[in-house]
Asks: 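Attaching a single structure in structure tokens format; questions to follow.
Values below: all heavy atoms of this structure, side chains included; hydrogens, waters and symmetry mates excluded.
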Amino acid sequence: MNQRFWKWFWIVVIGVPLAVFAVWAITADPRRFVTTLLNGITLGALYFLVASGFTLVFGLMRNVNLAHGSLYLLGAYMGWIVGDAFGDWNNWYSWLITIPAGFLAAALVGLVLQVGVFRFMQGQELRQTMVTIGISIVLADLMLWWFGGEIYSFDPPKVLHVPLVIGLGQHLQPYKYPTYRLMLLVVSILIGGVLWAFLNRTRIGMMIRAGVDDRNMLAASGFNVQRVFAATFGIGAGMAGMAGVLGATQLSVSPGEDSRYLMVSLIVVIVGGMGSIPGAAVGALLIALGDQFGLAYAPTYGVVFTFLIMVLVLAFRPSGILGRRMA
């Protein structure tokens, strides 16, 4: 009876208003609705790439790394340096080489953080928070000093400059949408699938999950716990750096982006569920859609929608939409 009540509660309170809004928006201006929907989905793909690394470090390993946003910014800047060194952004390899460059730069810093900081603060969330806030400020200031306050952007390969034509019906002109943003969606789906399979279908992934639940048991089994944790932290940090390159190509990179994406990652992990890759995908999609539809249809109160989603999830599902309940 209780489950039946909540089912109808969500349908009446949330489902019906959303359906009414969708019908009104499509009828009033289908082009605007489709644009906002695609913008939300593709922005959610970028949010997922950033938050997937954060959910590995914070959600799965329980390490409070508030320098995650700085790793995003570092990866973007290092990707730009490497790509610019080739001298011609019109060549596809000049852009493609920036992705591993951003990943490796952030992963290396992540390894240093795990070995030099988190290794000695396991389970001390307050100390981790304070130390990583300081590290984040230092990294942000160093990057501001080196790169200045300019806005940097990447040019994707020419093949991704060609817009994709989308038909909206017989009485409406075809709609063009950036191919790169749709490519980003495909990449995020593939990476999400690889991460999920890595954590749930491989021996290393099982070791990581076992080490989080019981480090002493994993150590007693003959595995090097610190090496496993360092590798996991490096992958999570590298994901932030790679997302920095992809995000700078879609949008741009400038000082202050680190704080924005750190906040987004926190909200996505809270909404989707700590330590859950599918949860990070769901959370990223919800937050991005709320953000884009809020900006398009209620710009004055657009920011409210993001926090409204988080409040509703915390009120009715404190562990997150797909997060496991803590003991």
Side-chain angles (χ1 to χ4, degrees), residues 46-81 101-152 229-248 251-272 274-275 280 283-284 287 303 306-307 310:
L46 177 60
Y47 284 173
F48 168 73
L49 290 176
V50 185
S52 59
F54 193 71
T55 199
L56 285 176
V57 175
F58 176 56
L60 186 62
M61 296 175 59
R62 303 295 187 266
N63 283 340
V64 186
N65 179 26
L66 295 189
H68 192 76
S70 296
L71 296 174
Y72 171 92
L73 201 59
L74 174 66
Y77 279 135
M78 292 304 298
W80 186 87
I81 290 175
F103 180 94
L104 292 174
L108 179 61
V109 175
L111 285 173
V112 173
L113 286 175
Q114 169 60 29
V115 175
V117 177
F118 289 99
R119 179 180 180 181
F120 306 101
M121 299 182 182
Q122 193 66 34
Q124 303 177 40
E125 289 81 5
L126 181 58
R127 290 185 65 191
Q128 293 175 359
T129 301
M130 300 304 295
V131 170
T132 53
I133 287 176
I135 293 174
S136 177
I137 294 173
V138 171
L139 288 176
D141 285 345
L142 286 174
M143 286 184 281
L144 179 61
W145 167 69
W146 185 265
F147 296 99
E150 299 179 20
I151 297 176
Y152 295 85
F229 276 23
T232 306
F233 204 104
I235 293 173
M239 290 295 299
M242 182 180 66
V245 174
L246 296 174
L251 304 171
S252 62
V253 59
S254 60
E257 293 293 294
D258 52 337
S259 300
R260 174 191 173 189
Y261 284 100
L262 172 62
M263 183 62 67
V264 166
S265 298
L266 280 168
I267 296 175
V268 166
V269 170
I270 291 171
V271 171
M274 295 180 63
I287 296 303
V303 69
T306 298
F307 291 98
M310 185 173 65

Asks: Counting C-beta onward and ignoring hydrogens, is there a side-chain heavy-atom pair between W80 and V253 closer than 4.5 Å?
Replies: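 When only atoms from C-beta onward are counted, V253 and W80 do not touch, as no gap falls below 4.5 Å.
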
Asks: For A105, give me all partners under side-chain contact (heavy atoms from CB on, under 4.5 Å), at least two apart in sequence or on another chain.
Replies: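 Per chain and number, A105 pairs via side-chain contact (heavy atoms from CB on, under 4.5 Å) with M78.
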
Asks: CG/L144 to CG/L139 distance, rounded to the nearest 0.5 angstrom?
Replies: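 Rounded to the nearest 0.5 Å, the CG-CG separation comes out at 12.5 Å.
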
Asks: Could you list the donor-acceptor pairs under 3.5 angstrom formed between side-chain atoms of residues 260-271 and any protein atom two or more places apart in sequence or on another chain?
Replies:
{"from": "R260", "atom 1": "NH2", "to": "Y47", "atom 2": "OH", "distance (Å)": "3.4"}
{"from": "S265", "atom 1": "OG", "to": "Y261", "atom 2": "O", "distance (Å)": "2.8"}

Asks: I need the N65 CG to L71 CG distance, nearest 0.5 Å.
Replies: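 Reported to 0.5 Å precision, the distance equals 6.0 Å.
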
Asks: Nearest 0.5 Å, what's the OG1-NE2 distance between T55 and H68?
Replies: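 The OG1 atom of T55 sits 9.5 Å away from the NE2 atom of H68.
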
Asks: Which heavy atom in A106 sits nearest to a heavy atom in L74, and how many Å separate them?
Replies: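 Shortest heavy-atom contact: CA-CD2, 4.4 Å.
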
Asks: Tell me every residue that passes side-chain contact (heavy atoms from CB on, under 4.5 Å) with L142, counting only those two or more places apart in sequence or in another chain.
Replies: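 For L142 the side-chain contact (heavy atoms from CB on, under 4.5 Å) partners, ignoring immediate neighbours, are V138.
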
Asks: With rounding to the nearest 0.5 Å, note down the distance linking OH in Y152 to OG in S252.
Replies: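 Here the interatomic distance stands at 12.0 Å.
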
Asks: Of the non-hydrogen atoms in G110 and A237, which two are nearest, and what is the gap between them?
Replies: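 In terms of heavy atoms, the two residues are closest at CA-CB, 3.7 Å.
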
Asks: Do you know which two heavy atoms are closest between F233 and V57, and how far apart they sit?
Replies: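 Looking at all heavy atoms of both residues, the shortest contact is CE1-CG1, 3.3 Å.
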
Asks: Using the six-membered ring wherever Trp is involved, compare the ring planes of Y77 and F147 and label them parallel, tilted or perpendicular (cut-offs 30° and 60°).
Replies: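 Y77 vs F147 ring planes: parallel.
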
Asks: Shortest non-hydrogen contact from L46 to A243?
Replies: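 The pair with the smallest heavy-atom distance is CD1-O, 3.6 Å.
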
Asks: Please name the pair of heavy atoms, one in A230 and one in Q114, separated by the smallest distance, quoted to 0.1 Å.
Replies: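 Scanning both residues, the minimum pair turns out to be CA-CG, 3.5 Å.
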
Asks: From F307 CZ over to I287 CD1, what is the distance, rounded to the nearest 0.5 angstrom?
Replies: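 Reported to 0.5 Å precision, the distance equals 9.0 Å.
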
Asks: Kindly compute the distance separating CE (M143) from CG (L73), expressed to the nearest 0.5 Å.
Replies: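 Spacing of CE (M143) from CG (L73) equals 4.0 Å.
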
Asks: Of the non-hydrogen atoms in G75 and V245, which two are nearest, and what is the gap between them?
Replies: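 Taking G75 first and V245 second, the nearest heavy atoms are O-CG2, 3.5 Å.
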
Asks: Could you tabulate the donor-acceptor pairs under 3.5 Å formed by side-chain atoms of residues 126-137, not counting sequence neighbours?
Replies:
{"from": "R127", "atom 1": "NH1", "to": "Q124", "atom 2": "OE1", "distance (Å)": "2.7"}
{"from": "Q128", "atom 1": "OE1", "to": "V64", "atom 2": "N", "distance (Å)": "2.9"}
{"from": "Q128", "atom 1": "NE2", "to": "M121", "atom 2": "O", "distance (Å)": "2.6"}
{"from": "T129", "atom 1": "OG1", "to": "E125", "atom 2": "O", "distance (Å)": "2.8"}
{"from": "T132", "atom 1": "OG1", "to": "V64", "atom 2": "O", "distance (Å)": "3.3"}
{"from": "T132", "atom 1": "OG1", "to": "L66", "atom 2": "N", "distance (Å)": "3.2"}
{"from": "T132", "atom 1": "OG1", "to": "Q128", "atom 2": "O", "distance (Å)": "2.6"}
{"from": "T132", "atom 1": "OG1", "to": "T129", "atom 2": "O", "distance (Å)": "3.2"}
{"from": "S136", "atom 1": "OG", "to": "S70", "atom 2": "OG", "distance (Å)": "3.0"}

